[in-house]
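Values in this document were obtained by computation on a predicted structure and should not be read as measured data. Atom set for the values below is all heavy atoms of this structure, side chains included, hydrogens, waters and symmetry mates excluded.
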Amino acid sequence: MSPEAHSAPRSLAEALRARDDSSLAALLRSRPDLVTPVPTDLTQLATRAGTRASVLRALERLDRFALQTAEALAVAPDPASYDTLLGLMAGDAGDPAVAGALPRALGTLRDQALVWGGDDRLRLVRTAREVLAPSPQHPSPTGLGPTVQEATSGMSPGRIQELLTTAGLPSTHDPVSAVAALTALFTHRKKLARLLAQAPEAAREVLSRLVWGPPYGQVTAEPAAHLRWLLDRGLLLPTTPGTVVLPREVALHLRAGRAHRAPEPLPPAVVPAATHSPRVVDATAAGQAYTALATVEELLKEWDEGGPAVLRAGGLSVRDLKRTAVALDVSEPVAAFWVELAYAAGLVASDGEADERYAATPAYDEWLEQPPAERWVRLAQAWLAATRTPGVVGGRDAKDRTLSALGPGLDRSAAPEVRHRVLALLAGLGTGAAPDAESVLARLRWERPLRGGRRDGEEDLRSRLARWTLAEAELLGLTGRGALSSHGRALLGAPPAADSGSSTTEAPGAGSSPAGGHGAAEAAQADTSKADAPGSPTSDTPGLASGTPGLPASGGPGDKLPVHRHRVPDRLVPLSGPEQAVAGAAAARLLAPLLPEPLDHVLLQADLTAVAPGPLRRPLADTLGVLADVESKGGATVYRFTPASVRRALDAGRTAADLHAFLTEHSRTPVPQPLAYLIDDVARRHGHLRVGAASAYVRCDDDALLNEILADKRAAALRLRRLAPTVLAAPTDPATLLEGLRAMGYAPAAESAEGDVLIARAHAHRTPPRTAPEPVPDGPPAPDATLLAAAIRAIRAGDLAATTPRKPVGGPLAGGELPRTSSAETLATVQAAVLTGDSLWIGYVNAEGAASQRVISPVRVEGGFVTAYDHTADEIRTYPLHRITGVAELAED
């Protein structure tokens, strides 16, 4: 028996009053809307807990079995006993699983203040009963209809008596007793079974179609004989003309007492689809983590001098998203993911200029200076907390407008919770185990059956968020081959994984030396047989795009299913600030040895290409990116040298000697002759022509070269004319003239007004300092321990002031009426309380005219003020005597 059963509370407020502080704290923590603002007392807390908005929010957070229990209470008598509830959940035959899980479900409903009362008088709060009870407009998930009493409320007394007579019952003197007699018949199993045994076969078929719902059916004005048989005995009752309903009591008899067709007392298990070596999982995840860093860098390098324009309504245009996808060599949904990830991490934002464009923020430069593992932690933590959901990009909003990347309308407040929950389920599997995606979705649907906002023909939102989470975690490197990595586990704050018994290789951080650099690649290569097996994670995964890394659909012949599962806490909650910093540092320590070391060399080849066999150190990569064009990416990056790329390096202020020295220093192979000739040839012609502002002019000491340019038909569009033997002028700007001459095959150099050669260095455009977008909370934030303690103290004090017995003052007072005494009586009573140390009940009106009741213990009275300990506010306060409407002594009991 619960504590409420012994105290026999008469209301939810009394049930809350009987709770201890830890129980109240648990209620306020699970339903944070109840503490915003802090209720004045427990009566107001109970009232707020029964409001429709708060009840709906609480119901949405129930798991399927707790919700089924609440639905059963909604169709049970009010109040109902525990045995009645158990009968509705387990049926006449009983169900051990249901009987074992029911106390937990009922405890959840009590903890959430949705149910109150002892086990002999369980009451569902009125608002929850109204929401869950069946009605023609809102059918119950149980499929049950109204009771006999509800269905016959508008029926004539004569018709009710006819039903009794036809059913073989004696007539009564009034409709109330007649309805009670019919209800007693339908709830008596043996009597109702005998009545149904007389029913025609067609009548029993009608009942079987209505028994599990919906309980409503249509009949004609002249129903068939088998329908007439049911109507005459009240087994079907008319509701509106042409509509009949199966009474709840009859349906429960036909269901053998069960309110639900399929109770689900236990959550569906998350089953592994494949199991890989922990070393392979970590190596694969680390490789993808490095790819994530490189992709974000490449994205922002593309936008270094100012990215795409911001749409008038905000966000990227479809064309700009396509260009970004082509530049990153990914699909458009994946490009949207990387763009949104950089935005969530505060690395990109709009510059706020008149011609508004997206650009990197100053935080991007700071991010580049961090070690790679720490940079990855920042991206992963931003993704975990973000409510912006790139998966909805390209969809339509409520006004049928297209949702664009970086635009408004992408926030889904449930996203962080779903991400944490999906990764927590992965952490609960054995080391290296990749889950079956459908089992993860089934588990989430059991845990939050009312969440998601399912549309007709569409998957519910939480399921789509879970699918996106599985794909995005793989893209980001939190998982490898679908299994949670050791650094991903550390980032969540989960305990280190123990070996599942299905692999002989220990995970990094569990006693083995982690694979790093080329060792990670070797480990990934060692697991090729598993990757090539049917159902391996190399197959396409529904989610962001076809071909992106994801989860396997099923285990292949080479995969081993785990024998033992590593258990983790059922819930991994998002970490607080200090905890998040500790978890991030731990994840970075595990990931750092797995990331490849940057190289300081390339391999030059005779075909004017350079091969980078791995990631390059930043100065080398930046310089090589100016001197050559990237031809292909992958495990090794191929750069190609062209006249245009060499000229680009010369424009940036490098000399031919600088370029020769740079290549000699950083190449493991000799500088090929064709490359050396290319550099010298471009450098010899570079700057031979000078372009300035005339509008624009070209000057050259070689007048023959100028004659050649004037004679070239391709120069006609430039409209050049000779000003002097060594000078040509054009009515266009210098930039256009430069591009025109370069298109003709020349290598002109720009010069300043003083005649000096201009060095065209890359200009990095940055936004003003920007903060990362704030996540949109899913309801009020959960209160911390300090706020909970203060709130409970204030509620208890306010409840004490509201419920403390008082001595009558000049006759009984109506509820909420302030005590009234004269000024002399008030002063005398307060002075006496100072001497005796008694507490008083006072009425007080503040400066704004708001009246309240308080319980105080006066300490001193002087100068027209009383200083007292206010039990309601739980602090010492001073009150002007002229604002006290009256005082009353508290009753001695």
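Looking only at side-chain heavy atoms (C-beta outward), Arg668 and Val602 stay at 4.5 Å or farther from each other. Here the side chains of Leu328 and Thr295 are in contact, with some heavy-atom distance below 4.5 Å. Looking at heavy atoms from C-beta onward, His601 lies in side-chain contact with Pro613 at the 4.5 angstrom threshold. Proximity of Leu423 to Leu384: side-chain heavy atoms (C-beta onward) are separated by under 4.5 Å at one or more points. Residues Asp681 and Val646 fail the side-chain proximity criterion, which asks for heavy atoms closer than 4.5 Å. Side chains of Leu718 and Leu728 form no contact here, defined as non-hydrogen atoms less than 4.5 Å apart. Side-chain contact check for Val393 versus Leu403: every heavy-atom pair is 4.5 Å or farther apart. You'll find the side chain of Tyr343 reaches within 4.5 Å of the side chain of Pro773, heavy atoms only.
Counting only N and O atoms by type, the side chains of Thr402 and Arg396 include a donor and acceptor under 3.5 Å apart. Between Ser486 and Asp282, the side chains place a donor N or O and an acceptor N or O closer than 3.5 Å (distance only, hydrogens not considered).
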Derivation and outcome, side-chain contact (heavy atoms from CB on, under 4.5 Å), residues Thr736 and Glu739: CA-CA 5 Å; Thr736 303; Glu739 292 300 322; 5.8 Å; no

Pair Trp367-Val296, side-chain contact (heavy atoms from CB on, under 4.5 Å): steps then yes or no: CA-CA 11 Å; Trp367 180 74; Val296 172; 3.9 Å; yes

Worked verdict on Thr669 versus Gln605 for side-chain contact (heavy atoms from CB on, under 4.5 Å): CA-CA 8 Å; Thr669 58; Gln605 303 186 112; over 6 Å; no

Criterion salt bridge (Lys or Arg N to Asp or Glu O under 4.0 Å) on Arg378 and Glu366, from CA distance to verdict: CA-CA 12 Å; Arg378 179 167 174 178; Glu366 301 172 5; 5.3 Å; no

Test log, rule side-chain contact (heavy atoms from CB on, under 4.5 Å), inputs Val348 and Val339: CA-CA 8 Å; Val348 67; Val339 169; 5.6 Å; no

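A distance-only check finds a donor-acceptor pair linking the side chain of His666 to the backbone of Asp600 [under 3.5 Å]. No side-chain donor-acceptor contact under 3.5 Å links Arg464 to the backbone of Val392. Between the side chain of Glu356 and the backbone N or O of Ala309, no donor-acceptor pair lies under 3.5 Å. The closest donor-acceptor contact from the side chain of Arg647 to the backbone of Ala749 lies at 3.5 Å or more, if one exists at all. Side chain of Trp383 to backbone of Ala473: no donor-acceptor contact under 3.5 angstrom is found. Listed for the Asp712 side chain is no donor-acceptor partner under 3.5 Å among the backbone atoms of Ile709. At distances below 3.5 Å, not a single donor-acceptor pair connects side-chain atoms of Arg719 with backbone N or O atoms of Ala730. In this structure, Arg319 contributes its side chain and Leu316 its backbone to no donor-acceptor pair below 3.5 Å. With hydrogens and angles disregarded, a donor-acceptor distance shorter than 3.5 Å links the side chain of Glu474 to the backbone of Arg481. Panel note: side chain Arg388, backbone Ala344; no donor-acceptor pair is recorded below 3.5 Å.
Here the CG atom belonging to Leu478 is positioned 11.5 Å from the CG atom belonging to Leu470, to the nearest 0.5 angstrom. In this structure, CD in Glu297 is found 5.5 Å from OH in Tyr364, a value given to the nearest 0.5 Å. A distance of 8.0 Å separates CH2 in Trp338 from CG in Leu379, rounded to the nearest 0.5 Å. Residue Tyr358 holds its OH atom at 12.5 Å from CG of Leu299, rounded to the nearest 0.5 Å. Note: Gln288 CD to Trp376 CH2 = 11.5 Å, rounded to the nearest 0.5 Å. With rounding to the nearest 0.5 Å, the separation of CG in Leu590 from OG in Ser485 is 8.5 Å.
The pair Asp680-Arg684 does not count as a salt bridge, with every side-chain nitrogen at least 4.0 angstrom from each carboxylate oxygen. Salt bridge status for Arg323 with Asp320: present, with a side-chain N to carboxylate O gap under 4.0 Å.
Of all non-hydrogen atoms in Leu737 and Ala696, the two that sit nearest each other are CD2-CB, 3.7 Å. Closest approach of Arg685 and Gly745 over heavy atoms only: NH1-O, 3.1 Å. Between Leu678 and Pro643, the shortest heavy-atom distance links the atoms CD1-CG, 3.8 Å. Between Leu706 and Cys700, the closest heavy-atom pair is CD2-CB, 3.8 Å. Nearest approach of Ala490 to Ala583, heavy atoms of both residues: O-CB, 3.4 Å. Scanning both residues, Arg640 and Asp607, for their nearest heavy atoms gives NH1-O, 2.9 Å.
Of the listed residues (Leu465, Leu410, Thr469), just one forms a side-chain contact (heavy atoms from CB on, under 4.5 Å) with Thr389, and that residue is Leu465. The side-chain contact (heavy atoms from CB on, under 4.5 Å) with Arg648 is formed by just one residue from the set Val626, Leu627, Thr642; it is Val626.
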